[in-house]
Trainee: 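What follows is a single structure, and I will ask about it in a moment.
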Amino acid sequence: MSEPPIIAAHGLHKQFGPLHVLKGVDLVVAERELVFLIGPSGSGKSTLLRCLNRLEEPSSGSVVVDGIDLLDRRTDINHVRTRIGMVFQSFNLYPHMTALANVTLALRKVAGKSRAEADTIGRAALDRVGLADRAHHTPLQLSGGQQQRVAIARAIALEPRVMLFDEPTSALDPELVGGVLAVMRELRASGMTMVVVSHEMGFARAAADRVLFMDQGVIVEQGTPEQVFTAPTEERTRAFIGQIQRH
Amino acid sequence: MSAWDRFTDAFFNVPIMLKYLPSIAQGFVLTVELAVLVVITGIAAGLGVAMLRSLGLRPLNWAIVFVVDLFRALPPLVIIVLIYFGLPSAGVSPSAFGATWASLALELMAFSEEIFWAGITAVPRGQWEAARSTGLSFGQTLRAVVLPQALRLTVPPLTNRTIAITKGTALGSVIGLAEILSQASSGESLSFNPSPLTLGAAAYLLLFLPVVALGRWIETKFAWKR
């Protein structure tokens, strides 16, 4: 028996009123695996991702991350979330703080580090995303790509066991995408477990272990990037891959 | 006597002004005390209520909206008269100072709550989500991430509203509170000369011009650093 999966989500349903966004999704991610989630907008991929750190409360099902049941009422969700990094499409940096303060806030408030300790860890995280020299810039003084790299630093500073990426490059100008993907590749090389919602197919081919195609709240098809991108078995997958390749 | 002399004799009569300067100075001190108390308690209460409202508990929020709308709708003079002349029938006799303070503080609480609430709701959802995803609690997120951004947005409307409501200290004159206006108008009726009123107006300028300037300074101070 291999080691237990780091993410084990089973039978996930999510309903927003009459809208049934997730219809029984199972997602098991092994340690050091990079799973890529693709699918048309409204397919439920972002909702699935947000259920994995309980930013979204599943209507039913179970989510276990790193052996901790996220939906158990006795679970200290704030503590678990420090082990699950998340990166958002719109960066969501705190505009009233410097890059370094963005990175160190949770280190001080949640991880209980002193300011000096937090600053040391924060600078190392900024250095890792190539922005050591931007520590005292505010988000408005940074480009979109730099902001997203600071957001990645904010997440990795807490030394998470898993990283969730919700369309990390979708809000970026094309010339800024490369820098963010380079940071993600470096994370990948260091052995970070990652779940990525994105349409960067080149990145998926180069780095993903597994690609999942979602549509209408279910996982339609999954396999290696090669299988899913070049020889999809489902009609819906074929249609979607065809569409994104034409652009 | 020329028209000009008659005018200066009526509004800038120096001997009369000097005579009533001490009582107006007393009124000035009382008005400052009342104004500071109203600003601190009214804004603190408004911020506290807005923070409670952000918890999103529906019955509590209905109660908050009801109370806030009540005190935004009632003229402050009506509240002063209700408290000062009404409460004694219920066995509580507030002082003129207490009645004026309570009325203005409640009004400032109501208006500042709405301003703070507008600021809190204007902070994008993504800010909450980013902070919560790093493990910050609701309270930590509100304090460290949301309120600092919300407060920047609230500074201009809040300073305006605070100045407008604090000037309502003059309403205390209706129930005999010895603040600036009350001292100045009793000076006017005793001397049969409006010069004490000029002095009173000068005292208000002395009090509120620095407040207006402070508001301006805070507004520039709170602008985003680009």
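Throughout, protein chains are lettered first and strands after them, A, B, ... in sequence-line order, and every chain is numbered starting at 1.
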Trainee: Report the option among I77(A), V80(A), V110(A) that has the most heavy-atom pairs separated by less than 4.5 Å from atoms of chain B.
Mentor: V110(A)
Trainee: What part of L93(A) gets closer than 4.5 Å to chain B, counting heavy atoms only: side chain, backbone, both or neither?
Mentor: backbone
Trainee: Taking side chain as C-beta onward, heavy atoms only, is L105(A) less than 4.5 Å from V145(B)?
Mentor: yes
Trainee: Heavy-atom count check: over 12 atoms from other residues, nucleotides or ligands less than 6.0 Å from W117(B) CH2?
Mentor: yes
Trainee: If you take all heavy atoms of P95(A) and Q127(B), which pair is closest and at what distance?
Mentor: CD-OE1, 3.6 Å
Trainee: What do you reckon, is CD of E159(A) surrounded by more than 12 foreign heavy atoms closer than 6.0 Å?
Mentor: no
Trainee: Which value, rounded to the nearest 0.5 Å, describes the distance between T134(B) atom OG1 and R154(A) atom CZ?
Mentor: 6.5 Å
Trainee: L55(A) versus chain B, heavy atoms under 4.5 Å apart: side chain, backbone, both or neither?
Mentor: side chain
Trainee: Below 4.5 Å from any heavy atom of chain B, which atoms of Y94(A) appear? Answer side chain, backbone, both or neither.
Mentor: both
Trainee: Might you confirm whether atom CZ of F16(A) has over 12 heavy atoms from other residues, nucleotides or ligands at distances under 6.0 Å?
Mentor: yes
Trainee: Taking atom CZ of R185(A) as the centre, does the number of heavy atoms from other residues, nucleotides or ligands within less than 6.0 Å exceed 12?
Mentor: yes
Trainee: Find the distance between OG (S133(B)) and CZ (R54(A)) and round it off to the nearest 0.5 Å.
Mentor: 14.0 Å
Trainee: If I measure from the heavy atoms of chain B, does S90(A) come under 4.5 Å with its side chain, its backbone, both, or neither?
Mentor: neither
Trainee: Is chain A contacted by the side chain of Q140(B), its backbone, both, or neither, given a heavy-atom distance below 4.5 Å?
Mentor: side chain
Trainee: Given the options R83(A), K109(A), M86(A), which has more heavy-atom pairs under 4.5 Å with chain B than any of the others?
Mentor: K109(A)
Trainee: Does the N92(A) side chain pair with the main chain of A130(B), one donor and one acceptor, at a distance under 3.5 Å?
Mentor: no
Trainee: I'd like to know if the side chain of H96(A) and the backbone of V146(B) have a donor-acceptor N/O pair within less than 3.5 Å.
Mentor: no
Trainee: Report, as yes or no, whether the 6.0 Å neighbourhood of atom CZ on R72(B) holds more than 12 heavy atoms from other residues, nucleotides or ligands.
Mentor: yes
Trainee: Side chains of N78(A) and L136(B): closer than 4.5 Å at any heavy-atom pair?
Mentor: no
